[in-house]
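Throughout, numbering of the chain's residues begins at 1 and tracks the sequence.
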Amino acid sequence: MRLSKGFFPTVKEVPSDAVIPSHQLMIRAGLMRQLAAGIFSFLPIGYSVMKKVMQIIREEMDAIGGQEFHLPALNPIELWEETDRVKAFGDIMFHIKNRAMVLAPTHEEVITNIAKDHVKTYKVMPQIWYQIQTKFRNEPRPKSGVLRGRQFTMKDSYSMDATWQGLDKSYDLHAEAYKKIYTRCGLSFHIVGASSGAMGGSGSQEFMVESNAGEDNLAVCTETGYAANVEIATSLVPNAERFSTNDALQDVHTPMCKSIDEVASFLNLPTTRCAKSLIFMNDKQPVLVLMLGNDQLNETKLQTVFGQDIRPAQADELPQLTGADAGSIGPVGLESNFTIVADKRLENANGLVCGANKNDYHLLNLDLQRDVSINSYHDFRMVEEGEPTPDGKGTLRIVKGIEVGHIFKLGTKYSSAMKANFLDEQGKENPLIMGSYGIGVERIVACHIEQHHDEYGIQWQKGIAPYDVHLICVNMNSDVVKKKSEELYAELTAKGISVLFDDRTDASAGFKFKDADLLGMPLQVIVGEKNLKNNEIELKERNSGKRWNASVENIINEVVNFVKS
Ligand code: ATP
Ligand code: MG
């Protein structure tokens, strides 16, 4: 492709709402333009990367026996009512005004609707069905460019199995295919255990790309390979002690001590001798959660125990419920009205300090076996940077991550709701056992740029670069330079190398170099007068910035070797 003829609208300025590198660079390098919030037009160079990503996905999905479908985005609303997901998606789902139709945010319903009529016996399973298609989600705050669009491209696939072991196998096949896909797309990633959330089902993992542009927080450890969303991450931290001496509960006046740090320093005790009480309302039932010292409560873990609707009690509800304000609340004496639970680190501890349910007073010598009855102990803790991994063999880092893919064991949630049944080997009718697996195509492109760029522009890795080589004719007004550049363009193209040829007559050399770095092809071939006089042509690897010269006789080989290696 000749730059003089093609559409390559590179720009210097980016809109102020483009704050993350991939968003800025996709605009500056002319990959895409925003049409409206969360809606993007992909321009030729951007779409060529998308197509490469989709091709990699297709190859790896086909390799695990996937069969490609193309399903409609426009869906009758009744289909979504069968699974109660009109309600579950709420405002995220786009509704069509003049028809009882919605724009599909995902495709479990359409797939199950087809499977219901045709996958009726164990004999035809397993099946893996996939598509690469546009999805619509009315994301409340679309930001970060194509990372969170209202219209985006997803590879979604679905497995149907007759047994739970079969589901495990289909799931594992997807996990393996996903690893290959992200690796071929030049991404380094973590696989994290995830909470299955509103999708239901028994197991799920997210594929996360480490990046400051991410919205998720992950606990990861490179040495041990541990990786988990902080929502569910655990670490190996010691429990509170149980002392052999056990003194009686004792009131202590703690004026102006609200925080754990203030109480601990006033009493001259370590914070790990303090039990912090947090009050929640589970519908009408008050719940007291005890945490050790300054440990942060992980609300996702709390919801796993009590359900989604549990909420923190408001400040003005506290005195009536406990007799004190936040900072002086404790479990002693609240058993009759409260559900009292505690973090596992506090299991059977004693010698603790807690609020006395009287403002500015605390209790010393709290013994969780003797003085309160704890309904149950759970892991409620938010892990922290620097803590040991659960196996104790490594150290956790907390990093930001972008979800590029998600695999779920759905089980029978959708097949049961839609009565998609099959006959098993015994001739018994059962709901199909399903899995659902998604990859965001634009997200892969943006994540690639997040992980591969510098201050000058994009650094495409070979697998998905829009062109193999950026050929720069430094001066089209010099006959020798022009002639050699044209020859190289023709020869490399004939060898099957894809070349972006900067043959502009009106652009300065400096301008061309800047564009080449911005556009980011892996190899630059620079044809200039000075080098040609010495029978040489300059090469520059975009990734490393390494420059070297090749002789005119050797240049084709050199380029071919670079591209194919
Ligand atoms: P998120 O938590 O980021 O909203 P999700 O859990 O809603 O993602 P899934 O429903 O599992 O995502 O969709 C599968 C994949 O589709 C995601 O892993 C992601 O790569 C991509 N994806 C989801 N929502 C968007 C979006 N709004 N824009 C671009 N890609 C998206
Ligand atoms: Mg979402």
Answer with yes or no whether the side chains of [Y] and [X] bring together a donor and an acceptor at under 3.5 Å.
X: Gln67; Y: Gln127; result: yes
X: Tyr171; Y: Gln205; result: yes
X: Thr300; Y: Gln303; result: no
X: Tyr456; Y: Arg542; result: no

Presence of salt bridge, [Y] and [X], under 4.0 angstrom:
X: Lys400; Y: Glu215; value: no
X: Glu403; Y: Arg148; value: no
X: Arg2; Y: Glu486; value: yes
X: Lys409; Y: Asp168; value: yes
X: Glu385; Y: Arg397; value: no
X: Asp156; Y: Lys135; value: yes
X: Glu13; Y: Arg28; value: no
X: Lys87; Y: Glu81; value: no

Just wondering, do [Y] and [X] contact through their side chains at under 4.5 Å, heavy atoms?
X: His107; Y: Tyr158; value: yes
X: Met54; Y: Met50; value: yes
X: Met160; Y: Ile433; value: no
X: Arg58; Y: Lys155; value: no
X: Phe8; Y: Met1; value: yes
X: Lys143; Y: His23; value: no
X: Phe422; Y: Asn430; value: yes
X: Arg150; Y: Asn138; value: yes

Ring centres of Phe69 and Trp129 under 6.0 Å apart? yes

Please find out if less than 6.0 Å separates the ring center of Trp460 from that of His448.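 Under 6.0 Å, so yes.
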
What orientation do Trp80 and Phe89 show, parallel under 30°, tilted 30 to 60°, or perpendicular over 60°? perpendicular

Indicate the ring-plane relationship of Phe207 and Tyr178, choosing parallel, tilted or perpendicular according to the 30° and 60° boundaries.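 If you compare the ring of Phe207 with that of Tyr178, the planes turn out tilted.
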
Check: residues 511-522 side-chain donor-acceptor pairs under 3.5 Å, at least two apart:
| from | atom 1 | to | atom 2 | distance (Å) |
| --- | --- | --- | --- | --- |
| Lys512 | NZ | Cys473 | O | 2.7 |
| Lys512 | NZ | Arg504 | O | 2.7 |
| Asp515 | OD1 | Thr10 | OG1 | 3.3 |
| Asp515 | OD2 | Arg504 | NH1 | 3.4 |
| Asp515 | OD2 | Arg504 | NH2 | 3.1 |
| Asp517 | OD1 | Gln524 | NE2 | 2.8 |
| Asp517 | OD1 | Lys540 | NZ | 2.9 |
| Asp517 | OD2 | Lys540 | NZ | 3.1 |

Backbone N or O of [Y] within a donor-acceptor pair of the [X] side chain at under 3.5 Å?
X: Tyr226; Y: Thr234; result: yes
X: Glu442; Y: Thr153; result: yes
X: Asn229; Y: Ile232; result: no
X: Thr134; Y: Phe152; result: no
X: Gln24; Y: Ala18; result: yes
X: Asn75; Y: Val102; result: no
X: Thr389; Y: Leu396; result: no
X: His452; Y: Gly186; result: yes
X: Glu68; Y: Gln131; result: no
X: Asp468; Y: Ser498; result: yes

List in chain and number order the residues that pass side-chain hydrogen bond (donor to acceptor under 3.5 Å, both in side chains) with Asp62, two or more places apart in sequence or in another chain; answer none if no residue qualifies.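 Scan of Asp62 (side-chain hydrogen bond (donor to acceptor under 3.5 Å, both in side chains), adjacent residues dropped) gives Tyr130.
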
Between Glu109 and Thr112, is a side chain to side chain donor-acceptor pair (under 3.5 Å) present by the stated rule, with each step listed? CA-CA 5 Å; Glu109 279 75 0; Thr112 312; over 6 Å; no

Starting from the C-alpha separation in whole Å, work towards a yes-or-no answer on side-chain contact (heavy atoms from CB on, under 4.5 Å) for Leu187 and Ile444. CA-CA 8 Å; Leu187 297 179; Ile444 289 189; 4.2 Å; yes

Would you say [X] has more than 12 foreign heavy atoms packed within less than 6.0 Å of its [atom1]?
X: Asn212; atom1: CG; value: no
X: Lys462; atom1: NZ; value: yes
X: Asp309; atom1: CG; value: no
X: Tyr47; atom1: OH; value: no

Is there a side-chain contact (heavy atoms from CB on, under 4.5 Å) between Val230 and Leu218? Walk through the geometry before answering. CA-CA 5 Å; Val230 290; Leu218 315 176; 5.7 Å; no

Taking all atoms of both residues into account, what is the closest heavy-atom pair of Leu432 and Ala115, and its distance? CD1-CB, 3.7 Å

Salt bridge (charged side-chain N to carboxylate O under 4.0 Å, His left out) between Arg184 and Glu59: does it pass, once the steps are laid out? CA-CA 11 Å; Arg184 288 181 63 187; Glu59 286 170 16; 2.7 Å; yes

Determine the sole option in Lys413, Glu108, His174 for which the side chain to side chain donor-acceptor pair (under 3.5 Å) test with Ser436 is passed. Glu108

Worked verdict on Leu147 versus Ile20 for side-chain contact (heavy atoms from CB on, under 4.5 Å): CA-CA 10 Å; Leu147 281 176; Ile20 60 166; 3.5 Å; yes

Any chance you could measure Leu539, atom CG, to Leu523, atom CG, to the nearest 0.5 Å? 5.5 Å

Can Asn217 and Glu231 be said to form a side chain to side chain donor-acceptor pair (under 3.5 Å), step by step? CA-CA 8 Å; Asn217 289 308; Glu231 290 179 353; over 6 Å; no

Begin from the C-alpha positions of Tyr437 and Ser170 and carry the test side-chain contact (heavy atoms from CB on, under 4.5 Å) through to its verdict. CA-CA 10 Å; Tyr437 318 88; Ser170 298; 4.0 Å; yes

Quick one: ring-ring contact (aromatic ring centres under 6.0 Å, His included) partners of His453, sequence neighbours excluded?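 For His453, no residue satisfies ring-ring contact (aromatic ring centres under 6.0 Å, His included) once neighbours in sequence are set aside.
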
Could you please spell out the steps behind the salt bridge (charged side-chain N to carboxylate O under 4.0 Å, His left out) verdict for Arg443 and Glu450? CA-CA 10 Å; Arg443 268 198 202 175; Glu450 287 295 330; over 6 Å; no

